[in-house]
Visitor: 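Here you go, one structure.
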Amino acid sequence: MADVINMIHARLTDKPIKLRYSIDTPVPSILYGDALRIKQILTNILGNAVKYTQEGFIDISVSSQKLENQKIKLLFTVKDTGIGIKEEDLDNIFGAFNQVDTKQNHSIQGTGLGLAIAKYLSELMEGNITVNSKYGEGTCFTIAISQTVIDDTPLDIEATINNESQYLKSLMKPSNLSIKQKNEVLVVDDNKMNLIIAKKLLESYQITVDTALSGKEALDKVAQKEYAIVFMDYMMPEMDGLETTQTLRNLDIPYCKTVPVVALTANAINGVKEELITAGFDDYLTKPIVTHQLENIIQRFLT
């Protein structure tokens, strides 16, 4: 939720839209499911809300309903004050490549695949997506996904945030590692909070840090300045880390052929390093960043 909210906030900087969110307290604290795919569904649905809303609000709420055999129905509701959908178009919006009301929305670009992918993924997780809309007033999507409960202790948002804050503080204790020469690095991530954390960690080693919220922004920055390392988020919307890195390597800029590109990934399973290096990265860091792993990267490429 935090990842998705931060990413959507970043897209709303130029629009008079308030992003509001709430999590119902009975939602269990630990579930068994595919967090990455749920994030992808929410990103697609909320991305659509951002596209078609020019002012007002976007609401996202989370609740749950008990099912049998230690399962719940996890419910996400996304409401917006956008342009809405005509009644005759409601049955077509989940079709692949469908963009309804193209005459009204001719300035909005996209393939129309987002909703089709979101619906397909929800169905693979024993769920579905329903939509209600009033043309000219707004739209409400409801995503229902079946999840197995690991711990039914109600989710405590304040405690979760506090624990995360303590963990982040523990990460930010610099060691005795010292970098003598001046170095500038670029950190690329679609999540603003991740950028803030990475920037603070790196600055504790007297490293100058630039940041980028997208692959396109990263390519613009590497074309303007020579960096000692590029830290690249592997999973980003539109242009992911791999595509960005491959494009970077093909730029007609000599240093881009050799600059170390370190993947930032939440995927820490065995064999992932070999896959990433084969794909064109020089090394990788798991997210959230752990200090000793970061120092290994600094020692390898900057000392």
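Keep in mind that the numbers below use all heavy atoms, side chains included, and drop hydrogens, waters and symmetry copies.
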Visitor: Give a yes or no on this: more than 12 heavy atoms of other residues, nucleotides or ligands lie within 6.0 Å of atom NZ of K66.
Guide: no
Visitor: From L31 CG over to L155 CG, what is the distance, rounded to the nearest 0.5 angstrom?
Guide: 9.0 Å
Visitor: Just by distance, do the side chain of K199 and the backbone of N194 share a donor-acceptor pair under 3.5 Å?
Guide: no
Visitor: Do the side chains of L202 and L294 get nearer than 4.5 Å, heavy atoms only?
Guide: yes
Visitor: What's the shortest heavy-atom distance between A228 and L302, and which atoms?
Guide: CB-CD2, 3.5 Å
Visitor: Kindly indicate whether the side chain of P154, heavy atoms from C-beta on, has any atom under 4.5 Å from the side chain of P28.
Guide: no
Visitor: Measure the CG-CE distance between L242 and M235 for me, rounded to the nearest 0.5 Å.
Guide: 11.0 Å
Visitor: Is there a path from F141 to F57 through hydrophobic residues (I, L, V, M, F, W, Y) whose side chains come within less than 4.5 Å of each other?
Guide: no
Visitor: Counting C-beta onward and ignoring hydrogens, is there a side-chain heavy-atom pair between I17 and I58 closer than 4.5 Å?
Guide: yes
Visitor: Just so I know, are the side chains of T139 and V78 near enough to count as touching, which here means a heavy-atom distance under 4.5 Å?
Guide: no
Visitor: Considering non-hydrogen atoms only, spot the tightest contact between L201 and S204 and give its length.
Guide: O-OG, 2.5 Å
Visitor: May I have the step-by-step check of side chain to side chain contact (heavy atoms under 4.5 Å, CB included) for L121 and Q40, ending in yes or no?
Guide: CA-CA 9 Å; L121 289 174; Q40 188 176 354; 3.6 Å; yes
Visitor: For a side-chain contact (heavy atoms from CB on, under 4.5 Å) with K221, tell me which candidate from V230, L186, V188 qualifies.
Guide: L186
Visitor: Starting from M239, can I reach L251 by hopping between I/L/V/M/F/W/Y residues whose side chains sit under 4.5 Å apart?
Guide: yes
Visitor: Tell me if the OH atom of Y120 is crowded by more than 12 foreign heavy atoms within 6.0 Å.
Guide: no
Visitor: Is a side-chain N or O of Y284 found less than 3.5 angstrom from the main chain of I277, in a donor-acceptor match?
Guide: no
Visitor: With no hydrogens and no angle check, is any side-chain donor or acceptor of D233 less than 3.5 Å from a backbone partner on D189?
Guide: no
Visitor: Evaluate the side-chain proximity of D190 to P237: yes if any heavy-atom separation is below 4.5 Å, no if none is.
Guide: yes
Visitor: So, for S122 and I129, which heavy atoms are closest and what is the spacing to 0.1 Å?
Guide: OG-CG1, 3.5 Å
Visitor: Checking K71 against E126 for the salt bridge (Lys or Arg N to Asp or Glu O under 4.0 Å) test, could you report, in this order, the C-alpha distance in whole Å, the side-chain angles of both residues, the deciding distance, and whether it holds?
Guide: CA-CA 11 Å; K71 287 204 165 190; E126 301 175 15; 3.4 Å; yes
Visitor: Decide yes or no on side chain to side chain contact (heavy atoms under 4.5 Å, CB included) for F231 and L285, but give the supporting numbers first.
Guide: CA-CA 9 Å; F231 294 91; L285 276 174; 3.8 Å; yes
Visitor: Output the distance between atom NZ (K200) and atom CD1 (I196), rounded to the nearest 0.5 Å.
Guide: 7.5 Å
Visitor: When the side chains of residues 208-215 are checked against the rest of the protein, which donor-acceptor pairs come out under 3.5 Å, sequence neighbours left out?
Guide:
residue	atom	partner	partner atom	Å
D210	OD2	K225	NZ	2.9
D210	OD2	Y227	OH	2.7
S214	OG	E217	N	3.1

Visitor: Within the side chain of D282, is there an N or O that forms a donor-acceptor pair under 3.5 Å with the backbone of V261?
Guide: yes
Visitor: Do K134 side-chain atoms and G84 backbone N/O form a donor-acceptor pair below 3.5 Å?
Guide: no
Visitor: Measure the CD-CD1 distance between Q70 and I150 for me, rounded to the nearest 0.5 Å.
Guide: 8.5 Å
Visitor: In chain order, what residues pass the side chain to side chain contact (heavy atoms under 4.5 Å, CB included) check against T77, with sequence neighbours excluded?
Guide: S61, K79, C140, T142
Visitor: Nearest heavy-atom pair of S133 and G138: which atoms, and what distance?
Guide: OG-O, 3.0 Å
Visitor: For L75 and A144, which heavy atoms make the closest approach, and how far apart are they?
Guide: CD2-CB, 3.5 Å
Visitor: Do I298 and Y205 have side chains that approach each other closer than 4.5 Å (heavy atoms only, starting at C-beta)?
Guide: yes
Visitor: Is the backbone N or O of D220 less than 3.5 Å from a side-chain atom of Q224, with the two atoms forming a donor-acceptor pair by type?
Guide: yes
Visitor: Tell me, please, which residues at least two apart from N132 pass side chain to side chain donor-acceptor pair (under 3.5 Å).
Guide: none
Visitor: Is there a path of hydrophobic side-chain contacts, each under 4.5 Å between heavy atoms of I/L/V/M/F/W/Y residues, joining M232 to I253?
Guide: yes
Visitor: Determine, stepwise, if the pair M193 / I197 fulfils side chain to side chain contact (heavy atoms under 4.5 Å, CB included).
Guide: CA-CA 6 Å; M193 184 57 69; I197 294 164; 4.0 Å; yes
Visitor: T53 vs K15, test: side chain to side chain contact (heavy atoms under 4.5 Å, CB included). Steps then yes/no.
Guide: CA-CA 9 Å; T53 304; K15 287 185 173 183; 5.7 Å; no
Visitor: Please determine whether the number of non-hydrogen atoms from other residues, nucleotides or ligands lying under 6.0 Å from atom CD of E87 exceeds 12.
Guide: no
Visitor: Looking at every non-hydrogen atom in both residues, tell me the closest pair between E243 and D240 and how far apart they are.
Guide: N-OD1, 2.8 Å
Visitor: So, is the end of the K119 side chain (NZ or CZ) under 6.0 Å from the ring centre of F94 and within 45° of the ring's axis?
Guide: yes
Visitor: Hydrophobic clusters here meaning ILVMFWY residues chained together by side-chain heavy-atom distances under 4.5 Å, can you tell me if Y32 and L67 are in one?
Guide: no
Visitor: How long is the straight-line distance from OG1 of T43 back to CZ of R37, given to the nearest 0.5 Å?
Guide: 11.5 Å
Visitor: If you count heavy atoms of other groups shown closer than 6.0 angstrom to CZ of F301, is the number above 12?
Guide: yes
Visitor: For residues Q246 and R249, is any side-chain donor paired with an opposing acceptor at under 3.5 Å?
Guide: no
Visitor: Would a distance-only check, ignoring hydrogens and angles, find a side-chain to backbone donor-acceptor pair under 3.5 Å from S63 to D24?
Guide: no
Visitor: Is any side-chain heavy atom of V259 closer than 4.5 Å to a side-chain heavy atom of L248?
Guide: yes
Visitor: With a cut-off of 6.0 Å (strictly less than), are more than 12 heavy atoms of other residues, nucleotides or ligands near CG of D252?
Guide: no
Visitor: Do I41 and F76 touch side chain to side chain, with heavy atoms closer than 4.5 Å?
Guide: no
Visitor: Could you see if I30 belongs to whatever hydrophobic cluster contains V27? Use Ile, Leu, Val, Met, Phe, Trp, Tyr and a side-chain cutoff under 4.5 Å.
Guide: no
Visitor: What's the separation between atom CG in L219 and atom NZ in K216, rounded to the nearest 0.5 Å?
Guide: 8.5 Å
